[in-house]
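To start, the structure under review is shown below, and the notes come after it.
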Protein chains: 2
Amino acid sequence: MAEKKGFIRKTKQREVILNVLRSTRTHPTADWVYQEVRKEMPNVSLGTIYRNLKTLTEMGEALELSYGSTYSRFDGHADNHYHFVCEECGDVTDLELPVQDSLENSVGDSIGAEITHHRLEFYGICNHCRAKK
Amino acid sequence: MAEKKGFIRKTKQREVILNVLRSTRTHPTADWVYQEVRKEMPNVSLGTIYRNLKTLTEMGEALELSYGSTYSRFDGHADNHYHFVCEECGDVTDLELPVQDSLENSVGDSIGAEITHHRLEFYGICNHCRAKK
DNA sequence: ATAAATGCAAAGCATTTGCAACCAT
DNA sequence: ATGGTTGCAAATGCTTTGCATTTAT
């Protein structure tokens with residue numbers, strides 16, 4: 001069940017987690033973040049990582065990306081942008097493609113819903129994996 | 001590890017599963033499919049559902065949709081189309097928006113990758129959930 | 001003071017798998 | 001015959017949670 005909190009406190013842990021998230025352009029898993037944060041705070045627990053990743057996502061400071069049924073990846077750069085996902089190695093790359101916010105209006109109008117954001121992802125084989133074959 | 005199969009056999013189970021998937025425009029979970037298939041084949045196992053859902057996805061007969069870190073949803077209509085996801089109730093709706101395949105070429109060219117497909121999803125609050133508030 | 005946040009460890013739970021029996025080709 | 005497929009159940013493994021303790025405000 002979702003806890004209801006009246007306010008959110010600043011904590012060293014969340015700060016470090018956000019810094020770690022922002023320090024990379026890869027799209028790390030919770031465990032990768034955990035390993036990184038541990039270098040600076042050897043006692044953090046995985047639970048804290050998950051709780052803060054969730055909080056940061058709700059705060060709009062991070063994005064949770066889900067592909068397939070394994071684990072989630074997180075993105076500390078929350079300004080909308082599109083991704084390319086390699087179906088071979090699972091790598092996620094940011095794309096330069098301009099974001100088309102106008103799409104949100106037309107979709108919102110057509111189904112009468114309030115659109116908060118959209119995601120566009122491309123799937124395929126990255127050139128690194130193609131070279132291996 | 002992925003099993004390597006020389007060929008794929010036709011089975012009654014897979015046929016029923018695909019029919020169930022195609023019978024709806026909702027985007028069911030593996031468990032929903034399981035319950036439906038059971039009505040016709042009381043002895044199917046959940047494992048078979050999962051294995052076939054995976055096989056069908058690999059065959060290009062179905063799509064696996066992942067939102068958040070809970071469970072996957074499946075779509076038996078594999079021709080590309082876009083979705084609207086309600087962040088309140090989790091409902092997934094098909095959109096009429098025309099599919100822009102041309103995007104794939106420009107992305108493919110810019111990052112030198114081979115694009116197989118793309119996905120575009122809009123998130124927000126559906127009007128059903130908005131009315132409730 | 002007071003409630004949010006943490007660490008630890010124990011669940012939770014969707015999905016995967018090993019295996020013997022079974023069945024499509 | 002051959003090896004893909006199934007049902008069953010046990011095992012995986014990512015993520016969530018309960019609880020006593022710490023800590024931000």
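Just the heavy atoms: all of them, side chains too, but no hydrogens, waters or symmetry mates, feed the values below.
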Here the distance between atom P of dG7(C) and atom CZ of Arg38(A), to the nearest Å, is 11 Å
Review point. What is the nucleic acid contact for Asn52(A), judged by heavy atoms within less than 4.0 Å: base, sugar-phosphate only, or nothing?
Key: sugar-phosphate
Under 4.0 Å between a side-chain N/O of Thr70(B) and OP1 or OP2 of dA14(C), yes or no?
no
Ignoring backbone atoms, test whether Tyr50(B) places a side-chain nitrogen or oxygen under 4.0 Å from the OP1 or OP2 oxygen of dT15(C). yes
- Item | Test item: His27(B) side-chain N/O and Ser72(B) main-chain N/O as donor-acceptor pair under 3.5 Å | no
When Thr55(A) and Gly47(A) are each assigned the nearest nucleotide of DNA chain C, the 5'-most assignment goes to Thr55(A)
Picking from dC8(D), dA5(C), dT15(D), the nucleotide nearest the side-chain atoms of Ser45(B) would be dC8(D)
> Under 3.5 Å, is there a donor-acceptor pair linking the side chains of Glu87(A) and Thr116(B)?
Replying inline: yes
key: hydrophobic_cluster_shared for Leu53(B) and Val16(B), side chain cutoff 4.5 Å   = yes
To the nearest 0.5 Å, atom CG of Asp31(B) lies from atom CD of Glu36(B) at 11.0 Å
Transitively linked via ILVMFWY side-chain contacts under 4.5 Å: Phe84(A) with Ile125(A)? no
Quiz prompt | Tyr71(A) with Val20(A), same ILVMFWY side-chain cluster at under 4.5 Å | solution = no
Polar atom pairs (N or O), protein with nucleotides 22-25 of chain D, under 3.5 Å:
| from | atom 1 | to | atom 2 | distance (Å) |
| --- | --- | --- | --- | --- |
| dA24(D) | O3' | Lys10(A) | O | 3.4 |
| dA24(D) | N3 | Arg9(A) | NE | 3.4 |
| dA24(D) | N3 | Arg9(A) | NH1 | 3.3 |
| dA24(D) | N3 | Arg9(A) | NH2 | 3.2 |
| dT25(D) | OP1 | Lys10(A) | N | 3.4 |

For Arg73(B) and Thr26(B), indicate whether the former's side chain and the latter's backbone hold a donor-acceptor pair under 3.5 Å.
no
Considering just the side-chain nitrogens and oxygens of Ser72(B), establish if one lies under 4.0 Å of OP1 or OP2 belonging to dT15(C).
yes
note: Tyr34(A), atom OH; dG13(D), atom C1'; distance rounded to Å ~ 15 Å
Look for any protein N or O under 3.5 Å of an N or O in nucleotides 11-13 of chain C and output each such pair with its distance, or none.
none

For residues 117-127 of chain A, the side chain to side chain donor-acceptor pair (under 3.5 Å) pairs (sequence neighbours left out) are Tyr67(A)-Glu121(A), Tyr82(A)-His118(A), His83(A)-Glu121(A), Glu104(A)-His118(A)
Out of dT5(D), dG7(C), dT6(D), minimum distance to the side chain of Arg51(B) belongs to dT6(D)
### Task
Give a yes-or-no answer on whether the side chains of Asp75(B) and His81(B) include a donor-acceptor pair shorter than 3.5 Å.
yes
- Task: Using only side-chain N and O atoms of Lys5(A), determine if any of them is under 4.0 Å from OP1 or OP2 of dA5(C).
- Result: yes
Comparing Thr29(B) with Thr48(A), nearest DNA chain C nucleotide closer to 5' gives the residue Thr48(A)
Presence of Gln13(B) side-chain N/O under 4.0 Å of dC23(C) phosphate oxygens OP1/OP2
no
Open item on the list: Does dA5(C) have its OP1 or OP2 closer than 4.0 Å to a side-chain nitrogen or oxygen of Arg14(A)?
Closed with: yes
